[in-house]
Amino acid sequence: MKRYKYYILSLVALCSFSACDALLDEDPLYSQNSNIVFQTESNADLALLGCYGYMASTNAYGQMWQEVPIVASGLAWSQRPEDLNALNTLASNALVSPTWNGMYKVISEINAFLESIEKSSLSESVKNQKGGEAKILRALAYYNLVSLFGDVPLKTIASSSEGISIVRSPREEVLNQVVADLKDATSISEASAVGRVNSWTAKALLGKVYYKMAALDINAAANWQNAKEMFDAVYASKVYSLEPKFSDLFGEYATSKEAIIMMNYSTGNANGVYNRGSNRFAPQASTSGTNWSTYRVAKFAYDMHEGTYPGDPRIEVNFLTRWRIRGGNNQPNPKPQVGSILTPNDSVYTYPYWTWKYKDNAEDVVPGTTDVQLEHVGKLPYAEFADPKNPSLSFIENYETTHGKSPYGESLVKATEDFVKVGNGNKWPYFGKLYDQKQTGTMAHKNLMVYRYAEMLLLMADVYNELGDTPKAISLANEVLARACKSGTIASAQPADWPSSITKEQVTEKLYFERIIELCGEPNIYDMVRIRGTEYFKRFLELNTTHELTIKGEQNYAASTNNFCDRLLNGGNLTDYFLRNNLLLPIPTSEFVAHPGLSNSDNKFGY
């Protein structure tokens, strides 16, 4: 049978076998008839691979579980008009419903699989192994649903036409089921074939679940300790470790020792299981495929990283700010690079960069060539701002008055004015981790990190800090920072180690923002900005509401009907109501028609 090049380290984006295609039908036979019993281990394995495959499909991590968590995180904005005023207005477009359905499809298939394998005559060891793998997938699906929607319907038995309509269960009950599934899965094999989950996957994910429960104040004292025990076990095992270079985590067809749950995608399988992340997030005409550039990075999000850690090598990975010129979408080859470095002769630049022409071109030669450089590249002078996380308009407007002649001539002021204009153009960065320059059509073939060791280390650090061991927390965080420093072509001074003198409260806040920086543009980012509740969520969103360039853009937007503009969230009013309601997305209204027993309670946001 034909094998596609379609691997994962700990969670397979499966349809590895052509025989598996039949299992990716919308309504596969075995899930509709719980009386089907697997006769052989091979039959059971093919069905299990189908369950893996649904986790990688378009409604799951192939698209929707990249698109919705990232764009609703607060770090991004959409060109769609209805998405500009608040984070949660995704409910008014067509994204939330398939996102919801994607995880429930995984759950439905797994429920049917578990029931069928339990009825089979297969050995107990086979039932335990394959059932444990399935339970890890179900645990991940329910964790995702709780993270985005809060209280959700909990179903652990195979569906029938009479038993589909059920009410929501409290998220504590759902998370308890997640814990039970993962505990069961800790007894499966510690080693696994490439692309299969194992007991270490279960333990690392279980630690994260305990962390979330503690952060939600669900049996907090016990769950901080439970999280520590799980994280300690994984840490001591040395099964996972940090990749030496941050950029290596987001390559093509890769395996990674840092991946706890990771998916890879090929461009050779068009049966509904492929990666559309680059298609949705990359700039138009920036790859060999088709790109819609539907989403951009908010300027304040870029400035948060640049202003916190100037020179951090992760900036070039998190944010796409330049790319080679192409003639349009689906052009296989970009414009040839003119010299030894990228220049405006051959590349496009976005915020915080701009291009301009000198009046005197006598010495404007492209490095490494004799070609005249048509334009030059400037970058906002972050080191000169009083607050590098918030570029000052008055400082820029009065630069020559206070500093003498600007090295950029008049271009700095003009560039800043252009950055806050309403309209399309290269005024915003893009998410670099999702960018696939070799994209084919709408399909990317890069890996997708779902849960990785660096995230675990930062959560583990938070757990130690909560339990009173702040020095250990700082040490764990510094492991992640040290890797970042060494991720460039030469070692960087930033991000520097955190000093041992900082307090417990300072460590909590620094860890909160460090997770946002480290995981920017990854599917877990929605959860990470909200996992500490409204207090820290507000501190994060205040970077938007106080950002001078965003405020100016909001003022310009008032006089325009153009929807290309990142704007102040809720008009800059971070009320308690707004913050609470944006901790979760609303359940799709389509579910109320399909399932009369289901409803949002007090308001449309799922509370």
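Here the structure is a predicted model, which is why all the values come from computation and not from measurement.
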Item to check | Side-chain ion pair, Arg314 and Glu514, N-O less than 4.0 Å | outcome: yes
Checklist entry - Where is the tightest heavy-atom contact between Leu75 and Ile525, given as atom of each residue plus distance? => result CD1-CG1, 3.3 Å
Item to check | Check ion pair Asp45-Arg196 (N to O, under 4.0 angstrom) | outcome: yes
Next on the checklist: Closer than 4.0 angstrom, basic N to acidic O: yes or no for Glu243 and Arg483?
Outcome noted: no
Item to check | Salt-bridge present (Arg452, Glu522; N to O < 4.0 Å) | outcome: yes
Checklist entry - Side chains of Asn144 and Tyr526: do they bring a donor and an acceptor to under 3.5 Å? => result no
Next on the checklist: Whether the side chain of Gln439 engages the backbone of Thr290 through a donor-acceptor N/O pair (distance < 3.5 Å, no angle test) should be reported.
Outcome noted: yes
Next on the checklist: Quick test of your reading of the model: are Glu417 and Lys421 salt-bridged, counting only N-O distances below 4.0 Å?
Outcome noted: no
Checklist entry - Any sub-3.5 Å donor-acceptor pair from Lys446's side-chain atoms to Asn264's backbone N or O? => result no
Next on the checklist: Please report whether the ring centroid of Tyr265 lies less than 6.0 Å from that of Tyr274.
Outcome noted: no
Next on the checklist: Strictly distance-based, threshold 3.5 Å: is any side-chain N or O of Glu258 a donor or acceptor partner for the main-chain N or O of Ile260?
Outcome noted: no
Item to check | Lys299 with Asp566: basic N within carboxylate O range, under 4.0 Å | outcome: yes
Checklist entry - Any side-chain donor paired with an acceptor under 3.5 Å for Asn582 and Arg530? => result no
Next on the checklist: Whether the Asn275 and Gln66 side chains hold a donor-acceptor pair (N or O, under 3.5 Å, no angle test) is what I'd like checked.
Outcome noted: yes
